[in-house]
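So that the names make sense, note that chain A is the first sequence line, chain B the second, and so on, each numbered from 1. Computation of the quantities below employed the complete heavy-atom set of this structure, encompassing side-chain atoms and omitting hydrogens, waters and symmetry-equivalent molecules.
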Number of protein chains: 2
Amino acid sequence: MAGAHRTKRLTDALRSDGIRITRQRAALLEIIATSDDHPDAVELHRRASDEVPGLSISTVYRTLAALEEHGVIQRHQFQGDTARFEHADTAHHDHMIDVDSGEVIEFRSDRIEELQAELAREMGYDIVSHRMELYVRKRD
Amino acid sequence: MAGAHRTKRLTDALRSDGIRITRQRAALLEIIATSDDHPDAVELHRRASDEVPGLSISTVYRTLAALEEHGVIQRHQFQGDTARFEHADTAHHDHMIDVDSGEVIEFRSDRIEELQAELAREMGYDIVSHRMELYVRKRD
DNA sequence: CTTCGTGCAAACTATTTGCAGCTTG
DNA sequence: CAAGCTGCAAATAGTTTGCACGAAG
């Protein structure tokens, strides 16, 4: 399946980057690569514990930090929530958070990105990164 | 001065809202109303300690929570930073954060706001609130 | 075989809370 | 006075770190 294939490519890239692929990291990578939601460290720990019993939460945190450093995952910090993660092999997008259900919806607007870059430029800056979150409620 | 005037109006409104204006709250209100930056709880505690020696950090946190609840201040949570506050008697705006200096620059784009609302609407949502931050670096 | 990763427990940071006494309205 | 505050110390939540042992390349 596509997930396994993608995971294989990732582990190879990471290995040649000098980071060791242990059982715990392999499990976390697999889970992250095949997840389409935005789990936090505790949730990832829960999901990985089936595969790696006894897995420590600190290993999860350390792995997440390493993967983020190597550009494999992205970290998101939504309002008053724990850090959530998603794999980085997806096109850039922003998030809407349904304030009632907690659901996270991805979206993208090239027009807004252009306007952001233009605004920054006008003020003498270049954008290093940005973050846009819409906290929304379903229309009745 | 304008600051004092504004502060007076605020305290009256709060008082009639049933919240007591103590020495510590008066000091914090005055400081927040006359600050044009985005201090965090610890910084506000430092600034208010001149006026109210012995002021406790928990009182600062409790006061900030109360003021936010009453719409007097706004709380911002920038990337990997503590919560920062600013008075709410300013038109809506978003923030650019200079990643080198930490400086916070306010800006506003009606066009972007329109696009955000439109995007949400298209997906069947109304925007409750939003957050847009541009992490920027000065152009050389 | 050596370097790097792991689990565990303890540390940390930002923030919140319980409680008994003190203020404000 | 009575309801709200306050300071203090202790609790919390999420995350990070030191250490001795174990596993990966």
Side-chain angles (χ1 to χ4, degrees), chain A residues 7-8 10-31 38-46 48-70 72-85 102, chain B residues 8 10-30 38-46 48-70 72-85 102:
Chain A
T7 304
K8 179 62 167 50
L10 272 181
T11 56
D12 287 350
L14 287 168
R15 239 190 285 263
S16 68
D17 243 28
I19 114 160
R20 291 183 182 172
I21 304 304
T22 60
R23 252 163 19 89
Q24 15 287 86
R25 288 184 177 173
L28 285 166
L29 269 168
E30 176 66 23
I31 287 165
H38 302 73
D40 66 1
V42 170
E43 174 61 18
L44 286 168
H45 179 254
R46 172 169 26 252
S49 289
D50 293 333
E51 186 69 25
V52 187
L55 174 64
S56 161
I57 188 74
S58 24
T59 295
V60 175
Y61 277 112
R62 276 191 277 234
T63 298
L64 290 171
L67 296 183
E68 188 188 11
E69 231 166 77
H70 288 267
V72 174
I73 61 175
Q74 274 181 278
R75 173 190 304 260
H76 300 294
Q77 187 83 51
F78 302 133
Q79 300 264 39
D81 196 6
T82 61
R84 301 182 163 276
F85 302 85
Chain B
K8 180 60 166 52
L10 273 181
T11 55
D12 286 352
L14 287 168
R15 240 189 284 264
S16 69
D17 243 29
I19 113 160
R20 292 184 181 173
I21 304 303
T22 60
R23 253 163 17 92
Q24 16 287 85
R25 288 184 177 174
L28 284 167
L29 269 168
E30 176 67 22
H38 301 72
D40 66 2
V42 170
E43 174 61 20
L44 286 167
H45 178 254
R46 172 169 27 251
S49 289
D50 294 332
E51 185 68 25
V52 188
L55 173 64
S56 159
I57 189 72
S58 25
T59 296
V60 175
Y61 277 112
R62 275 191 277 236
T63 298
L64 290 171
L67 295 184
E68 188 189 13
E69 230 166 79
H70 288 267
V72 174
I73 62 175
Q74 273 181 278
R75 172 189 304 259
H76 301 294
Q77 187 83 51
F78 302 133
Q79 300 264 38
D81 197 4
T82 60
R84 302 183 162 277
F85 302 85

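If you find the closest nucleotide of DNA chain C to B/Ala41 and to A/Arg20, the one lying nearer the 5' end belongs to A/Arg20.
Close to D/dG4, at under 4.0 Å from its OP1 or OP2, lies no side-chain N or O of B/Thr22. A/Tyr61 has no side-chain polar atom (N or O) that falls below the 4.0 Å cut-off from OP1 or OP2 of D/dT16.
Whole-Å rounding puts the B/Arg23 CZ to C/dG25 C1' distance at 17 Å. Protein atom NE2 of B/His76 is 19 Å distant from nucleotide atom P of C/dA14, rounded to whole Å. Straight-line distance from the CG atom of A/Asp12 to the P atom of D/dG25: 11 Å, rounded to whole Å. If you take CD1 of B/Ile21 and C1' of C/dG25, they are 11 Å apart, rounded to a whole angstrom. Whole-Å rounding puts the A/Ile57 CD1 to D/dT15 P distance at 9 Å. Note: CD1 (B/Ile19) to C1' (C/dT24) measures 12 Å, nearest angstrom. Atom P of nucleotide C/dA14 and atom CZ of B/Arg75 are separated by 14 Å, given to the nearest angstrom. The distance between atom CZ of B/Phe85 and atom P of C/dT15, rounded to the nearest whole Å, is 7 Å.
Going from atom NE2 of B/His45 over to atom OG of B/Ser56 covers 6.0 Å, rounded to the nearest 0.5 Å.
Across every non-hydrogen atom of A/Glu51 and A/Ala27, the tightest pair is CG-CB, 3.8 Å.
The closest donor-acceptor contact from the side chain of B/Arg84 to the backbone of B/His76 lies at 3.5 Å or more, if one exists at all. Judged by distance alone, the side chain of A/Gln24 and the main-chain N or O of A/Leu28 form no donor-acceptor pair under 3.5 Å.
Below the 3.5 angstrom threshold, one finds a donor paired with an acceptor across the side chain of A/Arg62 and the base of C/dG7. If you check distances only, the side chain of B/Arg25 never reaches the base of D/dG4 with a donor-acceptor pair under 3.5 Å.
Counting non-hydrogen atoms under 4.0 angstrom, A/Thr82 reaches the backbone sugars and phosphates but no base. Residue-level contact check: B/Ala65 touches neither bases nor backbone, having no heavy atom under 4.0 Å from any strand.
Among the nucleotides C/dT6, C/dG25, D/dC8, the one closest to the side chain of A/Gln24 is C/dT6.
Contact check for B/Leu55 versus B/Val60: side-chain heavy atoms found under the 4.5 Å cut-off.
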